[in-house]
Amino acid sequence: MSDATLGPLAAAARFVFGADNATAKALTEAAAGGTEADVKRAQALVKKLPAKDRTRLMAAFQTFSDVG
């Protein structure tokens, strides 16, 4: 994931799952200048999401990435 992708993806995750969700927290941390390990952890958590949740996340991500 690129730095340009992490910000909107983190915003989408907070919107869809709430700020207290582990995936949303990991993406937010990675987007805020996290280490490569933080990015990998966030990627792993996104991959572990059920298909329905990943679909919701990607739909919201498109909305957030189109706004900027």
Side-chain angles (χ1 to χ4, degrees):
M1 284 187 225
S2 70
D3 291 342
T5 303
L6 284 170
L9 190 58
R14 288 189 306 270
F15 176 76
V16 172
F17 306 123
D20 292 334
N21 177 274
T23 302
K25 285 181 179 180
L27 284 166
T28 300
E29 186 174 325
T35 65
E36 186 176 332
D38 293 332
V39 173
K40 287 184 180 186
R41 179 174 174 267
Q43 287 175 322
L45 287 172
V46 169
K47 288 179 183 178
K48 287 182 181 180
L49 289 172
K52 181 179 178 181
D53 287 343
R54 270 195 316 272
T55 300
R56 291 173 49 216
L57 177 59
M58 291 302 113
F61 169 71
Q62 284 188 321
T63 301
F64 279 92
S65 62
D66 288 345
V67 171

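The structure displayed is predicted, hence computed values, not measured ones.
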For [X] against [Y], the heavy-atom pair lying closest together:
X	Y	value
Leu27	Ala13	CD1-CB, 3.7 Å
Lys25	Asp20	CE-O, 3.5 Å
Ala24	Thr28	O-OG1, 2.8 Å
Ala42	Ala30	CB-CB, 4.3 Å
Thr5	Pro8	O-CD, 3.4 Å

Margin query: Side-chain heavy atoms nearer than 4.5 Å, only ILVMFWY residues, links allowed to pass through others: does that put Phe61 and Leu45 together?
Written below: no
Exercise. Is it the case that more than 12 heavy atoms not belonging to Arg56 sit under 6.0 Å from its CZ atom?
Worked result: yes
Hey, mind stepping through Lys40 and Glu36 against salt bridge (charged side-chain N to carboxylate O under 4.0 Å, His left out) and telling me if it holds? CA-CA 6 Å; Lys40 287 184 180 186; Glu36 186 176 332; 3.5 Å; yes
Point to revise | Donor-acceptor pair, side chain of Arg54 and main chain of Leu49, under 3.5 angstrom | key: yes
Value for CD (Gln43) from CG (Asp38), rounded to nearest 0.5 Å, stands at 11.5 Å
Taken to the nearest 0.5 Å, the spacing of Arg41 CZ from Thr35 OG1 works out to 10.5 Å
